Amino acid sequence: MPVPVVLAVCTACFLQQRRRRWCRETCKIQQRRNLNHHHCTMKLSSIIPAPELRYFTLLLVTGLYTPGRGEITSLDAGNIDDILNSAGVALVNFYADWCRFSQMLHPIFEEASNIVREEYPDTTQVVFARVDCDQHSDIAQRYRISKYPTMKLFRNGMMMKREYRGQRSVSAIADFIRQQKVDPIKEMENLEETSSVDRSRRTIIGYFEKRDSDNYRTYEKVANILRDDCVFLAAFGDVSKPERFSGDNLIYKPMGENAPDMVYMGSLTNFDLSYAWTQDKCVPLVREITFENGEELTEEGIPFLILFHQQDDTDSLEKFQQEVARQLISEKGSINFLHADCDKFRHPLLHIQKTPADCPVIAIDSFRHMYVFPEFSDLAVPGKLRQFVLDLHSGKLHREFHHGPDPTDSTPGQEENTEVASNPPESSFQKLAPSETRYTILRHRDEL
């Protein structure tokens with residue numbers, strides 16, 4: 001009989017806490033698909049002895065044990081804004097019932113919610129929620145869902161750029177939420193601490209008369225959103241008084257021992273202004289790509305302009321940053337400006353027939369092909385880096401790889417090369433994109 005089988009399987013999972021609900025959901029799916037129920041029973045017999053199996057099955061059938069249900073809030077167009085706006089931290093699972101990865105995540109997500117709820121019972125502190133993307137395609141499109149399942153983090157209704165990409169286990173998800181609840185602002189006990197600030201990181205320091213103020217609450221909100229991008233410090237009362245000659249204020253300490261401090265001149269209670277200023281200081285125009293953030297950057301879906309350099313070669317990085325800011329600021333949003341460690345990213349270099357010994361090297365990865373900037377020294381030629389990017393957007397880089405230089409670029413009197421050039425190397429960083437072993441990827445079809 002199918003019902004006792006489901007109950008029995010859940011009994012085994014009851015003994016293995018983190019798998020009990022997964023097993024129940026799996027058997028439900030099997031029943032819907034008319035699969036062999038005996039397969040589940042055989043798996044159970046390998047977990048616990050038959051006498052204990054009969055005993056616990058009896059407990060379940062007689063109703064002495066009822067699996068707990070997690071407090072997962074289902075979101076729709078009518079409640080999503082109110083619920084997310086009232087939650088300090090919200091983790092939202094965007095899923096589709098037909099996606100096997102979504103099916104596997106449901107019981108894990110629910111049990112993580114149970115654990116976190118015990119630690120943070122106030123629903124305004126932490127919310128676990130879900131969106132059925134088949135039923136609510138408008139919400140899925142609003143948040144640009146391109147794979148299932150996607151777990152996005154929200155703070156006071158604002159979606160964070162970095163979604164949850166960690167291990168799909170109860171402990172990992174619960175730990176992730178605990179980390180999000182840690183105060184990102186460190187209180188300074190004296191102003192001498194400012195002299196020991198780590199100048200290898202970007203730092204924001206707030207000086208406030210008191211903690212219980214609108215100024216500090218705005219600062220706290222900004223710090224929570226940008227906690228991964230900057231170090232945030234704060235001083236209060238008598239400790240901060242020498243720095244508050246004109247009232248509460250914020251200063252930014254850039255990276256580098258000799259870099260001058262910058263002062264925020266806007267309203268401290270205006271969240272939009274405070275956030276925009278802090279984001280501009282904390283999130284660099286040229287970001288470092290690593291194996292940890294590669295999936296996130298790749299999923300943004302815009303090409304990479306990458307400087308490959310040795311880790312200790314800060315001069316090349318500084319020149320690249322300066323030229324990107326000078327020539328390409330208008331292209332922000334259409335291409336990602338990145339730098340990468342030559343030694344860590346040897347494979348992409350080999351892909352374009354380079355080695356770490358050739359660094360610094362500049363290249364574009366369009367997610368179809370890779371193109372190499374002629375020479376790093378050409379960076380100093382006015383407009384050349386910008387033209388390299390524009391040639392990508394116009395298709396010229398790809399066209400010239402197939403057909404040789406455009407006729408307008410040929411030297412007068414030179415015979416036109418009628419041979420077709422070899423194809424450019426295929427994209428290397430595309431391999432860092434979300435994997436089909438973890439997600440159902442939505443491709444060129446209207447699945448929403």
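What you see is a predicted model, and the numbers here were worked out from it, not measured in a lab.
- Taking the side chain as every heavy atom from C-beta outward, Y264 and T278 never approach each other to under 4.5 Å.
- Here the closest heavy-atom approach between residue L307 and residue P360 is recorded as CD1-CB, 3.8 Å.
- In this structure Y207 satisfies the ring pair (Phe, Tyr, Trp, His ring centres under 6.0 Å) test with no other residue, sequence neighbours excluded.
- Annotation: salt bridge (Lys or Arg N to Asp or Glu O under 4.0 Å) contacts of R326 (sequence neighbours excluded): E323.
- The shortest non-hydrogen separation linking M255 to S200 is CE-O, 3.2 Å.
- At a threshold of 4.5 Å between non-hydrogen side-chain atoms, the residues K319 and L379 count as touching.
- Residues L268 and T218 form no side-chain contact, since every pair of their non-hydrogen atoms from C-beta on lies 4.5 Å or further apart.
- At least one side-chain heavy atom of I145 sits less than 4.5 Å from a side-chain heavy atom of K152.
- For the ring pair (Phe, Tyr, Trp, His ring centres under 6.0 Å) test, residues two or more places apart in sequence or in another chain that qualify with F208 are Y216, Y219.
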Test side chain to side chain contact (heavy atoms under 4.5 Å, CB included) applied to I173 and L105, step by step: CA-CA 11 Å; I173 294 174; L105 177 62; 4.3 Å; yes

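- Formation of a donor-acceptor pair under 3.5 Å by the N114 side chain with backbone atoms of R117 is not found in this model.
- Between K344 and E288 there is no salt bridge, since no side-chain N of the basic residue sits under 4.0 Å from a carboxylate O of the acidic one.
- The heavy-atom pair separating Y252 from I204 by the smallest distance is CD1-CD1, 3.5 Å.
- No side-chain donor-acceptor contact under 3.5 Å links Y148 to the backbone of A96.
- H106 and Y95 have their aromatic ring centers within a separation under 6.0 angstrom.
- At a threshold of 4.5 Å between non-hydrogen side-chain atoms, the residues M158 and F271 count as touching.
- With respect to F345, the ring pair (Phe, Tyr, Trp, His ring centres under 6.0 Å) criterion is satisfied by exactly one of F291, F304, F308: F291.
- With hydrogens and angles left out, the side-chain atoms of R386 and S330 include a donor and acceptor closer than 3.5 Å.
- For the pair R211 and E220, the salt-bridge criterion is not met [side-chain N within less than 4.0 Å of a carboxylate O].
- Side-chain atoms of S86 come within 3.5 Å of backbone N or O of I83 as a donor-acceptor pair.
- Annotation: the span from K384 atom NZ to F373 atom CZ amounts to 6.0 Å, rounded to 0.5 Å.
- Residues satisfying the salt bridge (Lys or Arg N to Asp or Glu O under 4.0 Å) test with D280, not counting sequence neighbours, are none.
- For P303 against S366, the heavy-atom pair with the smallest separation is CB-CA, 4.0 Å.
- Looking at residues two or more places apart in sequence or on another chain, you find a ring pair (Phe, Tyr, Trp, His ring centres under 6.0 Å) between F94 and Y143.
- With sequence neighbours left out, the side chain to side chain contact (heavy atoms under 4.5 Å, CB included) criterion links N85 to D81.
- Every residue two or more places apart in sequence or in another chain was checked for a salt bridge (Lys or Arg N to Asp or Glu O under 4.0 Å) with R227, and none qualifies.
- Distance check, rounded to the nearest 0.5 Å: CD of E295 to CZ of R165 gives 4.5 Å.
- With ring centers used as reference points, F109 lies under 6.0 Å from F128.
- In this view, A259 and R199, P254 satisfy the side chain to side chain contact (heavy atoms under 4.5 Å, CB included) rule, not counting sequence neighbours.
- Counting only N and O atoms by type, the side chains of S377 and E375 include no donor and acceptor under 3.5 Å apart.
- Without hydrogens or angle criteria, Q103 side chain to D97 main chain gives a donor-acceptor distance under 3.5 Å.
- With 3.5 Å as the limit, one finds a donor-acceptor pair spanning the side chains of S146 and E299.
- Between R178 and V182 there is no side-chain heavy-atom pair separated by less than 4.5 Å.
- Other residues, nucleotides and ligands contribute at most 12 non-hydrogen atoms within 6.0 Å of the CZ atom of R144.
- Not a single donor-acceptor pair under 3.5 Å links the side chain of N93 to the backbone N or O of L91.
- Separation of atoms CG (N215) and CG (N249) is listed at 10.0 Å; rounding is to 0.5 Å.
- Between the CG atom of L153 and the CE atom of M160 there is a distance of 6.5 Å, given to the nearest 0.5 Å.
- A salt bridge is defined here as a Lys NZ or Arg NE, NH1 or NH2 lying under 4.0 Å from an Asp or Glu carboxylate O, and K241 with D238 fails to meet this definition.
- Residues R155 and V89 are in side-chain contact: their nearest non-hydrogen atoms beyond the backbone lie under 4.5 Å apart.
- Considering all non-hydrogen atoms of both residues, K161 and R287 come closest at NZ-NH1, 3.2 Å.
- Annotation: side chain to side chain donor-acceptor pair (under 3.5 Å) contacts of S316 (sequence neighbours excluded): D313.
- Annotation for D198: atom CG counts as buried by contact number, over 12 foreign heavy atoms lying within 6.0 Å.
- Although no hydrogens or angles enter the test, the distance criterion places a donor-acceptor pair under 3.5 Å between the side chain of S240 and the main chain of G237.
- Ring geometry for H309 against H339 counts as tilted: the plane angle lies between 30° and 60°, on a 0 to 90° scale.
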From CA spacing to verdict: side chain to side chain contact (heavy atoms under 4.5 Å, CB included), I205, M188: CA-CA 9 Å; I205 304 178; M188 295 190 299; 3.6 Å; yes

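- Atom NZ of K186 sits in a sparse spot, with 12 or fewer heavy atoms from other residues, nucleotides or ligands closer than 6.0 Å.
- Side-chain atoms of D229 never come within 3.5 Å of backbone atoms of Q279 as a donor-acceptor pair (strictly under, hydrogens ignored).
- If you take CG on L338 and CD1 on I289, they are separated by 5.5 Å, rounding to the nearest 0.5 Å.
- If you check the side chains of D391 and Q387, you find a donor sitting under 3.5 Å from an acceptor.
- Listed by chain and residue number, R217 satisfy the salt bridge (Lys or Arg N to Asp or Glu O under 4.0 Å) test with D214 (two or more places apart in sequence, or in another chain).
- Counting heavy atoms from C-beta outward, N224 and N156 have side chains that stay 4.5 Å or more apart.
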Side chain to side chain contact (heavy atoms under 4.5 Å, CB included) between L305 and L385, intermediate numbers included: CA-CA 10 Å; L305 175 66; L385 184 65; 4.2 Å; yes

Worked check of side chain to side chain contact (heavy atoms under 4.5 Å, CB included) between L273 and W277: CA-CA 6 Å; L273 286 178; W277 182 82; over 6 Å; no

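- In this structure, the side chain to side chain donor-acceptor pair (under 3.5 Å) partners of T124, at least two apart in sequence or on a different chain, are D122.
- For F337, there are no ring pair (Phe, Tyr, Trp, His ring centres under 6.0 Å) partners, not counting sequence neighbours.
- The minimum heavy-atom distance between C99 and T440, with the atom names listed, is SG-OG1, 3.0 Å.
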